Amino acid sequence: MPAVTLPDGSRREFDHPVTVLDVAKDIGPGLAKATLAGKVNGQLVDARHEIDDDAELAIVTDRDPEGVEIIRHSTAHLMAQAVKQLFPDAQVTIGPTIENGFYYDFAYDRGFTPEDLAKIEKRMKELAKQDLPVERSLMDRDEAVKYFRDMGEAYKAEIIASIPQGENISLYKQGDFVDLCRGPHIPSTGKLKAFKLTKVAGAYWRGDSDNEMLQRIYGTAWANKDQLKEYLERLKEAERRDHRKIGQELDLFSIQDEAGGGLVFWHPKGARIRREIEKYWYDMHEKAGYDFVVSPHIANLDLWKTSGHADFYSESMYEPMEDEHQAFQLKPMNCPFHVLMYKDRLHSYRDLPLRWAEMGTVYRREMSGALHGLMRVRGFTQDDAHIFCREDQIEAEVMAVIDLTLAVLQTFGFEKFDVNLSTKPEDAVGSDAIWEHATASLRSAIEKKGLEYSVDEGGGAFYGPKIDIKIHDAIGREWQCSTVQLDFNLPERFDMEYVAEDNERRRPIMIHRALLGSVERFFGVLIEHYAGHFPTWLTPVQAEVLTITERQDAYAEEVTKALRDKGFRVEADLRNEKIGFKIREHTLKRVPYLLVLGDKEMENGQVAVRTRSGEDLGVMSVEDFGERLREEVAGRHH
RNA sequence: GCUCAUGUAGCUCAGUCGGUAGAGCACUUCCUUGGUAAGGAAGAGGUCACCGGUUCGAAUCCGGUCAUGAGCUCCA
């Protein structure tokens with residue numbers, strides 16, 4: 001007879017087999033009502049799962065992450081049921097949960113429209129209200145194949161047919177709808193109270209672009225309506241911060257149809273921000289012991305054959321151009337150039353490490369459908385650097401790269417990082433010994449920095465292990481910008497060497513690293529992170545001088561010049577407009593400081609300072625304001 | 001590249017049944033000189049993405065191309 005141990009260590013004994021729900025009822029009616037599923041000896045099961053032996057049991061409710069997962073999965077089923085009722089010809093395929101929600105793919109001869117979605121959602125709500133019990137049953141595999149095939153569900157039958165013969169298949173039934181599913185599911189559809197269908201899209205059967213296109217419906221589902229509301233609010237906030245929208249409003253950049261997709265035009269205001277980013281970047285690299293190099297944009301195709309890119313990277317490279325019987329390749333990467341410069345002369349072990357950095361603009365072929373604002377483009381500038389070092393220097397160099405990376409990212413207001421170490425994949429170049437040593441060096445570097453990290457076993461590139469650092473932006477989204485990659489391949493291919501202490505020739509280790517990744521993409525992330533409210537050190541216009549009448553024009557020019565002479569980015573708005581209008585306009589342009597000049601200020605040689613958040617800082621002398629700006633900018637406050 | 005949607009003034013968008021195009025903001029000029037988030041008037045501005053087809057007639061219907069968006073795929 002089962003004795004059930006609960007997470008708090010308490011035991012309950014029963015003289016007959018009990019279901020998860022029975023145990024919940026035994027504890028209390030409130031819990032019974034909240035029960036979605038159970039976790040028996042660590043295994044997720046349905047609420048009606050029967051326990052007939054001693055077991056550890058945790059009741060799963062919508063307060064558990066697993067409970068929300070189950071809600072999402074069950075909502076996918078609810079949607080499939082609604083779709084089958086409304087569109088009997090649609091065939092069901094798969095419907096997994098994803099972050100924040102779920103999707104379900106249907107085979108249907110046309111796409112679903114937003115009106116269809118509204119209808120489906122309405123039917124889902126009706127079905128949820130009916131509180132249909134969700135019942136699990138088992139069926140032999142072959143029987144299940146036949147069952148679904150007879151129903152006209154060819155895709156489901158195909159999925160089941162790929163399950164080994166002889167296994168039992170679990171089916172879930174709610175009302176008139178039966179679906180193949182591993183489960184577990186909620187006990188009845190009434191538990192689904194907070195969901196919304198969000199979008200439709202095409203998706204390939206089994207994710208293979210050679211297969212037929214299915215109709216995918218995305219939805220989101222939550223434990224309760226408040227969470228749903230909060231999530232939808234987050235989506236709206238992301239939309240408000242969209243860098244494409246803010247980029248246009250603030251006149252920062254554009255992408256021109258006539259020039260082609262994925263090619264970025266930096267307008268004066270955007271270019272000012274970029275210059276500030278770059279100035280800071282050069283400054284930090286100089287302090288960290290880097291040298292700067294500059295390489296060309298095209299090079300003989302043979303170089304890319306030597307590097308191997310012409311072979312394994314050709315899909316991302318533009319076609320070479322011919323000239324005087326030579327083929328030239330537009331560069332998709334900077335690394336081979338730095339290698340050539342290294343090889344230009346013989347290096348001693350005393351020279352190493354060499355740290356060569358370059359803001360290198362590269363061009364890569366991207367499928368038109370993959371382009372996205374500044375985040376995914378065809379031409380971009382990598383804040384690239386290559387470190388050539390000895391094997392015994394790897395750890396110290398990587399630690400220094402991590403320090404530099406975190407310092408730079410923190411300056412831009414990123415506080416939370418996810419570090420990931422990727423190890424040797426199946427197909428790789430280089431000996432096991434060097435992989436082991438290098439991976440251990442990376443691991444040790446991360447650990448000595450006291451960073452938490454995850455490991456992606458086999459996730460490294462074929463040429464070496466790597467560390468990726470993800471940042472969390474102001475609304476909690478993750479972006480991967482920084483990467484540190486070891487490379488055993490290029491030094492080999494280019495036969496790079498240095499002369500060691502014992503006068504032997506040795507192969508240097510090459511470390512690729514980028515902190516921002518792509519300047520374009522990083523700029524896009526920054527726009528969204530700050531929602532366009534760039535900190536004063538970065539912002540294109542730090543202060544706008546606003547006159548109340550034209551009597552102050554000369555004084556305004558004087559104030560503007562005085563601040564510009566101190567190195568600040570200041571502009572004057574002398575237009576024949578009312579002060580309220582000017583304030584509105586420059587506030588919307590997110591200028592940090594508005595300097596209002598009327599007769600009073602002019603007489604006393606002062607400025608009246610208002611911030612973009614609407615705060616009135618009162619009147620002060622031009623010198624005092626300049627000092628305030630200087631401090632804020634020098635500290636790169638965010 | 002694939003599926004679906006979209007493409008009209010610098011921007012945001014309307015445009016009925018196929019009958020040759022409209023609003024607000026921005027821009028120019030004039031009036032107004034106004035003290036902390038939109039003062040008023042007038043004017044200018046469009047090869048309706050591009051190419052082709054149907055039609056007496058196309059922003060509108062059809063086909064293609066390009067671009068953008070969402071997703072898929074890809075992402076050293």
Side-chain angles (χ1 to χ4, degrees), chain A residues 98 103 105 108 110-114 198-218 239 242 244-245 248-249 251 254-263 307-309 312-317 332-333 335 362 364-373 375-376 382 422 425 459-464 466 468 480 483 485-487 489-490 512 514 517-518 521 546-553 574-589 594-602 608-619:
Chain A
I98 51 173
Y103 66 80
D105 287 345
Y108 196 50
R110 66 171 176 85
F112 295 105
T113 64
T198 49
K199 55 199 166 194
V200 283
Y204 301 105
W205 169 234
R206 303 205 147 165
D208 185 337
S209 56
D210 290 333
N211 285 343
E212 59 271 38
M213 176 74 65
L214 305 173
Q215 301 304 324
R216 174 171 299 178
I217 302 178
Y218 284 92
E239 211 172 303
D242 192 312
R244 294 163 300 184
K245 189 167 147 267
Q248 198 219 58
E249 282 167 7
D251 198 12
S254 65
I255 289 165
Q256 301 286 335
D257 279 13
E258 284 169 86
L263 302 169
S307 71
H309 290 98
F312 61 75
Y313 204 64
S314 63
E315 278 201 356
S316 298
M317 285 159 45
M333 293 196 185
C335 13
V362 298
R364 296 183 183 175
R365 284 178 58 183
E366 291 288 353
M367 290 185 291
S368 55
L371 300 176
H372 179 86
M375 303 301 189
R376 191 77 181 267
Q382 289 181 309
S422 297
F462 75 85
Y463 51 74
K466 63 171 177 175
D468 293 320
Q480 202 224 293
T483 182
Q485 309 194 354
L486 298 197
D487 190 339
N489 183 47
L490 283 185
H512 307 254
S518 140
R521 187 177 131 92
L546 313 178
T547 51
I548 288 176
T549 75
E550 61 196 12
R551 282 196 303 280
Q552 297 90 36
D553 283 3
L574 307 182
R575 290 177 306 168
N576 175 13
E577 296 290 352
K578 287 186 152 179
I579 194 67
F581 180 86
K582 292 184 186 181
I583 282 171
R584 176 184 155 79
E585 201 155 88
H586 298 289
T587 302
L588 289 173
K589 293 283 184 204
L594 305 182
L595 310 183
V596 177
L597 269 48
D599 288 338
K600 275 183 288 180
E601 287 75 16
M602 186 164 66
V609 185
R610 181 189 160 111
T611 69
R612 62 185 158 192
S613 59
E615 197 188 346
D616 183 0
L617 300 182
V619 291

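Note that the structure is predicted; figures quoted are calculated from it, not measured. Each chain gets a letter, A, B and so on, in the order the sequences are listed, and its residues count up from 1.
For Gln215(A), counting side-chain heavy atoms from C-beta on, the closest listed nucleotide (A38(B), U3(B), U36(B)) is U3(B). Closest to the side chain of Gln248(A), from the set C2(B), U12(B), U36(B), is U12(B). Checked against A37(B), G34(B), U68(B), the side chain of Thr587(A) finds its nearest nucleotide in A37(B). Candidate nucleotides U73(B), U3(B), U36(B) were compared by shortest atom distance to the side chain of Ile583(A), and U36(B) ranks first. Comparing U68(B), C27(B), A37(B) by their closest approach to the side chain of Arg575(A) singles out C27(B).
The side chain of Arg610(A) contributes an N or O atom lying less than 4.0 Å from OP1 or OP2 of A37(B). For G69(B), neither phosphate oxygen OP1 nor OP2 lies less than 4.0 angstrom from any side-chain nitrogen or oxygen of Arg376(A). Under 4.0 angstrom from either OP1 or OP2 of C72(B) there lies at least one side-chain N or O belonging to Tyr218(A). For A70(B), one of the phosphate oxygens OP1 or OP2 lies less than 4.0 angstrom from a side-chain nitrogen or oxygen of His372(A). Within the structure, every side-chain polar atom (N or O) of Gln552(A) is placed at least 4.0 Å from both OP1 and OP2 of U33(B).
No salt bridge links Arg610(A) with Glu615(A); every basic N to acidic carboxylate O contact stays at or beyond 4.0 Å. Note on Asp105(A) versus Arg216(A): salt bridge recorded, some NZ/NE/NH1/NH2 to OD/OE distance being below 4.0 Å.
One can place CD of Glu585(A) at 15 Å from C1' of U36(B), the figure rounded to the nearest angstrom. What separates CG of Leu546(A) from C1' of U36(B) is a distance of 9 Å, to the nearest Å. Atom C1' of nucleotide A26(B) and atom CD of Glu249(A) are separated by 14 Å, given to the nearest angstrom. Atom CD1 in Ile579(A) sits about 11 Å away from atom C1' in A37(B), given to the nearest Å. Between the CZ atom of Phe581(A) and the P atom of C25(B) there is a distance of 10 Å, given to the nearest Å. Regarding Asp105(A), its CG atom lies at a distance of 9 Å from the C1' atom of C72(B), rounded to whole Å. Residue Lys589(A) contributes atom NZ, which lies 13 Å from atom P of C11(B) at whole-angstrom precision. G34(B) atom C1' lies 14 Å from atom CG of Asp553(A), rounded to whole Å.
Across the P atoms, U8(B) and U47(B) are found 13 Å apart, a figure rounded to whole Å. Rounded to the nearest Å, the gap between the P atom of U29(B) and that of A44(B) is 15 Å. Going from the C1' atom of U28(B) to that of A70(B) covers 40 Å, rounded to whole Å. Straight-line distance between the P atoms of U3(B) and U65(B): roughly 10 Å, to the nearest whole Å. For the P atom pair drawn from U16(B) and C31(B), the interatomic distance equals 42 Å after rounding to whole Å. Taking atom P on both nucleotides, G10(B) is separated from G63(B) by 29 Å, rounded to a whole Å. Distance check on atom C1': C56(B) versus G43(B) gives 37 Å, rounded to whole Å. Separating the C1' atom of C13(B) from that of C30(B) is a span of 29 Å, rounded to the nearest Å.
Residue Gly261(A) is classed as a sugar-phosphate contact, given heavy-atom separations below 4.0 Å to backbone atoms only. Among the heavy atoms of the strands lying under 4.0 Å from Lys600(A) is at least one base atom, whether or not backbone atoms are also near. Heavy atoms of Gly618(A) sit nowhere under 4.0 angstrom from any nucleic acid atom. In this structure, Asp599(A) reaches the bases: a heavy-atom distance under 4.0 Å links it to at least one base atom across the strands shown. Base engagement by Leu588(A) is indicated by at least one non-hydrogen atom pair under 4.0 Å involving a base atom. When heavy atoms are screened at a 4.0 angstrom cut-off, Glu601(A) is found touching base atoms of the nucleic acid. Residue-level contact check: Ile548(A) touches the bases, meaning some heavy atom is under 4.0 Å from a base atom. Within 4.0 Å (heavy atoms only), Glu366(A) reaches no atom of the nucleic acid at all. Contacts of Arg244(A) with the nucleic acid, taken as non-hydrogen atoms under 4.0 Å apart, involve only primed sugar atoms and P, OP1 or OP2. Within 4.0 Å of Gly598(A), counting heavy atoms only, lies at least one base atom of the nucleic acid.
Thr549(A) and Gln552(A) are linked by a side-chain donor-acceptor pair at a separation below 3.5 angstrom, with hydrogens and angles left out of the test.
The base of C4(B) lies outside donor-acceptor range of the side chain of Arg216(A), with no N or O pair under 3.5 Å.
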Next item on the list: Any chance you could encode RNA chain B as dot-bracket? Rule is Watson-Crick or G-U wobble with both distances under 3.5 Å; [ ] for pairs crossing earlier ones, | for another strand.
Entry: (((((((..((((.....[..)))).(((((.......))))).....(((((..]....))))))))))))....
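Considering only residues two or more places apart in sequence or on other chains, Leu588(A) meets the side-chain contact (heavy atoms from CB on, under 4.5 Å) condition with Arg584(A). In this structure, the side-chain contact (heavy atoms from CB on, under 4.5 Å) partners of Gln485(A), at least two apart in sequence or on a different chain, are Tyr463(A), Lys466(A), Thr483(A), His512(A).
Atoms OG and CD, on Ser316(A) and Glu366(A) in that order, are 6.5 Å from each other to the nearest 0.5 Å.
Shown here is Gln256(A), whose CD atom has more than 12 heavy atoms of other residues, nucleotides or ligands within 6.0 Å.
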Item checked: Check against side-chain contact (heavy atoms from CB on, under 4.5 Å), Met317(A) and Arg364(A) -> CA-CA 5 Å; Met317(A) 285 159 45; Arg364(A) 296 183 183 175; over 6 Å; no
Checklist line | Worked verdict on Ile579(A) versus Leu546(A) for side-chain contact (heavy atoms from CB on, under 4.5 Å) | finding: CA-CA 7 Å; Ile579(A) 194 67; Leu546(A) 313 178; 3.8 Å; yes
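Checked options Lys582(A), Glu577(A), Glu601(A); the residue passing with Thr547(A) is Lys582(A) (criterion: side chain to side chain donor-acceptor pair (under 3.5 Å)).
Comparing His309(A) and Gly580(A) along RNA chain B, the residue whose closest nucleotide (by nearest heavy atom) sits nearer the 5' end is Gly580(A). If Gly260(A) and Glu315(A) are placed on RNA chain B by their nearest nucleotide, the residue sitting closer to the 5' end is Gly260(A).
Residue Cys335(A) comes nearest to Leu490(A) through the heavy atom pair CB-CD1, 3.8 Å, listed as atom of the first residue, atom of the second, then distance.
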